[in-house]
J.: 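Starting off with a structure, shown below.
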2 protein chains.
Amino acid sequence: MPTKKPTQRPNQQPARESPQQPTRKKPQVTAAPARRRELLDTAAEVFAEQGYNATTVRKIADHAGMLAGSLYYHFDSKESMLEEILRSFLDELWGGYDTVLEAESGPRETLEALVTESFREIDRHRAAVAIYQKESKQLVAQERFAFLAESQRKFEKAWLSTLERGVAAQVFRADLDVRLTYRFVRDTVWVAASWYRPGGQHSPEEIARQYLSMVLDGIAVREQP
Amino acid sequence: MPTKKPTQRPNQQPARESPQQPTRKKPQVTAAPARRRELLDTAAEVFAEQGYNATTVRKIADHAGMLAGSLYYHFDSKESMLEEILRSFLDELWGGYDTVLEAESGPRETLEALVTESFREIDRHRAAVAIYQKESKQLVAQERFAFLAESQRKFEKAWLSTLERGVAAQVFRADLDVRLTYRFVRDTVWVAASWYRPGGQHSPEEIARQYLSMVLDGIAVREQP
DNA sequence: TAACCTACCAAACACTTGTTAGGGAAGGAC
DNA sequence: GTCCTTCCCTAACAAGTGTTTGGTAGGTTA
C-alpha cells in the first residue's frame, strides 16, 4: 500500500575485475562503486533535507526507486551510509586543505585559500556539509564517528595557527580573542551550506571573494582622508 | 533508573466499554504555569542537545523525573511542547527587537543594537535558539509552524532595511551584495548559539562587542600611520 | 466525613522503525 | 542448455515510537 512502482533503470557495466572469495553475501565493501555512489548521493540529499534521524530508510529507498530492504544489499546499515557519506566528504576536504597548508604561504594568503577551498567543497558536497553541520555534534560521542573529532582537531589547529601567524606578522588584528575569531570565521564560512545552492548566480569563488572582503575589511565604510 | 520493557506480541482484548463521559478536565492551557515552564525548560534542553526527532518523550520524562505518559497531563503532544518553546522564545525576541526598531536610530546604531540584543537572547534562551537553528527549516513547511515563516520575513525585513539604510547613508559599503551581507551577519550571530555557554568568561555584551568589531571593521590590520 | 482536584503512575495500544530471510528475474559464462 | 552472479522484491520480525486509558496518593474544600 505505501509502496510505489519501482523504477527500472537501464543497467550499467558489470565491472568485475576482482574474483570474489567464497565468502557469501558481503558484496557491500567491494561491489561496483557506481550504483553505490548513486545511492549514497540520494541518501545524502534526503539526510540533508530532513535530518538524519527523521529520515527513514524507506524514504531513501523511495527516492532511489526501490524498496527499503533492497538497500541492505549495498549497505550494512543506515548508520554505515551516514559514515561513508561523511568519510568521503572529509577525505576530499582534507585533500584540498593539505594542499593549501603545504604551500606554506603567508597567513593572509593561507586564510584566503582556505576560505576559497571551503566554498568549493560546499559547492561540491553541499549535502554532506549540511549533514556534517547538523549532526556532527551528536555523532562525535559515538566511537564509530571518532574520526569526526580528529578532523575537528586538525581543522581547529590549521585555522588557529594561521590566525596566530597573522597576528604575529601584524596582518591580523591583535586586539581580538583568537578563539572567538576562529569560531567567527569558521561558522561564517560553513553556515553558508544551509542556503547555498549550486548553479546559483554566484560561483563559489565569487562568494568566497565577497566573504573574504567582509571578514578581512568589514562592512563599514572606511574613513577616508 | 528503572527501565522496564513490557512489550508483548500476542494480542489482547481487554474489556472496553467507555461511552460518552463528561470530557475530562484539560488543564493544559490554563494550569499553573510554574510546573509547565519547568517541564518546557527541561524539554528544550533535551531537544537542543539531541535534536527534536531523536528525542523521545520518555527521555524528556526521564530528565523531569517522571514517566512518559505523565507528560500528557500537562501537554497535548510532543509537538505542542516544541511549538510552545519556539513561540515563547520568538515572543520575547520580538519584544526586544521591536524596542530597538522603534527607537529609529541611525543604521549603524540600529545594527549594533540588534546584534547586542541577539546575543542577549542567545544568553537567555540558548536551548530554544539551538532548536530554532536546527529544526526551523523543516518545520516551516508544516502549517502548525507557519508563525516561523512570518517571523523570518519580519526578521529579514528588519535587517535588510537597516543594511540598506546604512548603504544609503554611506556608513556601510556599497560594493557588497546586500542579501549576501544580510545572511553573513545573520548567520554569524545566531550560529554562536551552538557553542555559547551561559556563565562563560565572556558576557553577551562583550561577545557582541567583539563580533561587531569584526563585522564592521574586519579582522585585518588597517594601514595607518 | 465525603467529595473533589492535582499531578502523577502503570499498562497498554496502534503504528513506525531498522533490519533480515528467502526467493526470483535477468543476463553473462560455461 | 546449466550455473552463477547481480540486484532487487516480498514479507516478515522485534524493538521502539507517541499517545490513551484508568487508577490513585495526597492535599484542599464543603
Side-chain angles (χ1 to χ4, degrees), chain A residues 1-28 30-36 38-39 43 47 50-62 64-82, chain B residues 2-28 30-36 38-39 43 47 50 52-62 64-82:
Chain A
M1 152 186 47
T3 47
K4 299 169 53 180
K5 266 280 190 251
T7 57
Q8 288 286 24
R9 57 186 70 256
N11 247 349
Q12 62 282 354
Q13 32 74 290
R16 176 161 48 91
E17 52 198 306
S18 62
Q20 282 296 43
Q21 307 103 306
T23 49
R24 298 200 153 257
K25 193 136 198 214
K26 281 286 178 182
Q28 286 130 336
T30 53
R35 182 79 175 123
R36 214 180 152 70
E38 208 175 322
L39 292 173
F47 284 156
Q50 327 222 5
Y52 173 72
N53 284 290
T55 300
T56 73
V57 294
R58 278 166 245 266
K59 279 186 202 162
I60 302 175
D62 256 23
M66 54 198 278
L67 291 184
S70 308
L71 284 172
Y72 288 81
Y73 171 75
H74 299 276
F75 305 100
D76 287 333
S77 65
K78 180 190 173 188
E79 216 179 46
S80 77
M81 294 189 224
L82 178 62
Chain B
T3 32
K4 305 174 65 178
K5 23 180 68 179
T7 36
Q8 288 195 345
R9 271 295 80 212
N11 217 355
Q12 320 193 17
Q13 198 81 336
R16 186 141 80 106
E17 27 70 61
S18 70
Q20 297 291 72
Q21 283 212 329
T23 52
R24 262 210 175 190
K25 186 108 184 275
K26 292 236 164 180
Q28 287 131 338
T30 55
R35 184 76 175 126
R36 211 180 153 69
E38 208 176 323
L39 293 172
F47 284 156
Q50 325 219 7
Y52 173 72
N53 285 289
T55 300
T56 72
V57 294
R58 278 164 244 268
K59 278 186 201 161
I60 302 175
D62 256 23
M66 53 199 280
L67 292 185
S70 309
L71 285 172
Y72 288 80
Y73 172 75
H74 299 276
F75 305 99
D76 286 333
S77 65
K78 181 188 172 189
E79 217 179 44
S80 76
M81 296 190 222
L82 178 62

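Within every chain, numbering begins at 1; the chains are lettered A, B, ... in the order of the sequence lines, protein sequences first and strands thereafter.
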J.: Could you tell me the separation between the NZ atom of Lys59(B) and the C1' atom of dG16(D), rounded to a whole number of Å?
T.: 11 Å
J.: Is it true that a side-chain atom of Lys59(B) and a backbone atom of Phe47(B) form a donor plus acceptor pair closer than 3.5 Å?
T.: no
J.: How many Å lie between OH on Tyr52(B) and P on dT17(D), as a whole number?
T.: 13 Å
J.: May I have the distance from Arg36(B) (atom CZ) to dT6(C) (atom P), rounded to whole angstrom?
T.: 14 Å
J.: Is the shortest side-chain N/O distance from His74(B) to OP1 or OP2 of dT6(C) below 4.0 Å?
T.: no
J.: Rounded to the nearest Å, what distance is computed from the CG atom of residue Asp76(B) to the P atom of nucleotide dT21(D)?
T.: 13 Å
J.: Counting side-chain heavy atoms from C-beta on, which of dC9(D), dT19(D), dG18(C) comes nearest to Tyr72(A)?
T.: dG18(C)
J.: Report yes if at least one side-chain N or O of Tyr73(A) is closer than 4.0 Å to OP1 or OP2 of dC8(D); otherwise report no.
T.: no
J.: Considering only heavy atoms and no angle criterion, is a donor-acceptor pair shorter than 3.5 Å present between the side chain of Arg58(B) and the base of dG18(D)?
T.: yes
J.: Can Leu39(B) and Arg35(B) be said to form a side chain to side chain contact (heavy atoms under 4.5 Å, CB included), step by step?
T.: CA-CA 6 Å; Leu39(B) 293 172; Arg35(B) 184 76 175 126; 3.9 Å; yes
J.: May I have the step-by-step check of side chain to side chain contact (heavy atoms under 4.5 Å, CB included) for Asn53(B) and Tyr52(A), ending in yes or no?
T.: CA-CA 9 Å; Asn53(B) 285 289; Tyr52(A) 173 72; over 6 Å; no
J.: Which nucleotide in the list dC9(C), dT17(D), dC8(D) gets nearest to the side chain of Thr56(B)?
T.: dT17(D)
J.: Locate the shortest heavy-atom distance separating Met66(B) from Ser70(B); write the atom from each residue and the value.
T.: CE-CB, 3.1 Å
J.: Regarding Ser70(A), tell me which of base, sugar-phosphate or nothing describes its non-hydrogen contacts under 4.0 Å with the strands shown.
T.: base
J.: Take atom CE of Met66(A) and atom C1' of dC9(D), then tell me their distance rounded to the nearest Å.
T.: 10 Å
J.: Reckon Thr55(A) touches a base, only the sugar-phosphate, or nothing at all at heavy-atom distances under 4.0 Å?
T.: sugar-phosphate
J.: Could you tell me the separation between the CE atom of Met81(A) and the C1' atom of dT19(C), rounded to a whole number of Å?
T.: 11 Å
J.: Nearest whole Å is fine: how far is dT21(D) C1' from Leu67(B) CG?
T.: 15 Å
J.: Just the rounded figure in Å: distance from P of dG18(D) to CG of Leu82(B).
T.: 13 Å
J.: Would a distance-only check, ignoring hydrogens and angles, find a side-chain to backbone donor-acceptor pair under 3.5 Å from Arg36(A) to His74(A)?
T.: yes
J.: I want to check one thing: is the phosphate of dC8(C), taken as OP1 and OP2, less than 4.0 Å away from some side-chain N or O of Arg35(B)?
T.: yes
